[in-house]
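I have placed the structure first, in the form of structure tokens, so that the comments after it can refer back to it.
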Amino acid sequence: MISTEAQIVRCNGADAWVMIRPHTPCGNCDPQTGCRSVAISRMFGQAQQHYRVNNPLGAKEGEYVKVAVAERTLLQSALWAYGLPLLVMLLGAVLGRLIDPVSPLGEVLGAALGFGAAFAWLRIARDPLAGQGPTIVSRHGSAPPPRQCGSAD
């Protein structure tokens with residue numbers, strides 16, 4: 001289980017929108033360069049991002065919570081997002097080759113159509129892993145919990 005701290009910014013029925021509480025470097029993990037996860041997150045900007053999570057505990061807006069997701073769900077999401085388009089694109093290229101074995105244009109068009117079909121299917125299906133996504137697993141109230149460097153959280 002992978003977890004992080006977050007604050008609820010909006011609730012909507014059984015879902016909540018959370019803002020991930022950013023980590024601050026303390027220097028205890030790596031005294032020379034600090035926390036590497038912070039360095040990586042800074043590479044992608046400091047924009048505040050909100051994420052939809054399952055809210056089975058009924059946490060309210062403004063509360064600090066712990067959000068967790070199973071490692072298996074992360075792997076499945078990556079396979080859906082990257083593996084399916086790649087597989088369908090390759091199948092499209094093979095079909096294009098079978099239809100037009102002389103010109104490489106058939107392979108290119110088949111690959112493009114396969115990729116487009118996979119993208120459209122993922123957009124229509126929306127959430128093939130519904131109900132298995134990030135979930136609020138504990139509530140901390142209106143005050144943020146103290147940070148513990150080196151903990152599994």
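Note that the structure is a prediction, hence the values are computed from the model and not measured.
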Subject >> Step-by-step side-chain contact (heavy atoms from CB on, under 4.5 Å) determination, Trp17 to Ile8 >> reply: CA-CA 6 Å; Trp17 292 86; Ile8 296 179; over 6 Å; no
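Judged by distance alone, the side chain of Ser77 and the main-chain N or O of Thr73 form a donor-acceptor pair under 3.5 Å. Within the 3.5 Å criterion, the main-chain N or O of Glu63 finds no donor-acceptor partner in the side chain of Arg139.
Side-chain contact check for Pro56 versus Thr135: some heavy-atom pair is nearer than 4.5 Å. Between Ile2 and Glu71 the shortest side-chain heavy-atom distance falls below 4.5 Å. Counting only heavy atoms from C-beta outward, the side chains of Pro85 and Leu122 approach each other to under 4.5 Å. In this structure, the side chains of Tyr51 and Ile20 come closer than 4.5 Å at one or more pairs of heavy atoms. Residues Lys66 and Glu5 have side chains not in contact (no heavy-atom distance under 4.5 Å, counting atoms from C-beta outward). Contact check for Asp15 versus Asn55: no side-chain heavy atoms found under the 4.5 Å cut-off.
Once rounded to the nearest 0.5 Å, the distance linking CZ of Arg52 with CZ of Arg10 reads 10.5 Å. Ser103 OG to Leu109 CG: the interatomic distance, rounded to the nearest 0.5 Å, is 8.5 Å. Taking CD from Glu61 and CD from Gln7, the interatomic distance works out to 9.0 Å, rounded to the nearest 0.5 Å. Taking CG from Leu91 and CG from Leu113, the interatomic distance works out to 13.0 Å, rounded to the nearest 0.5 Å.
Remark: Asp100 engages no residue in a salt bridge (Lys or Arg N to Asp or Glu O under 4.0 Å) (not counting sequence neighbours).
In terms of hydrophobic clustering, with Ile, Leu, Val, Met, Phe, Trp and Tyr side chains grouped at heavy-atom distances under 4.5 Å, Leu95 and Val108 are assigned to different clusters.
Here Leu86 sits in one hydrophobic cluster together with Met89, Leu90, Phe115; the rule is ILVMFWY side chains under 4.5 Å apart, joined directly or through other members.
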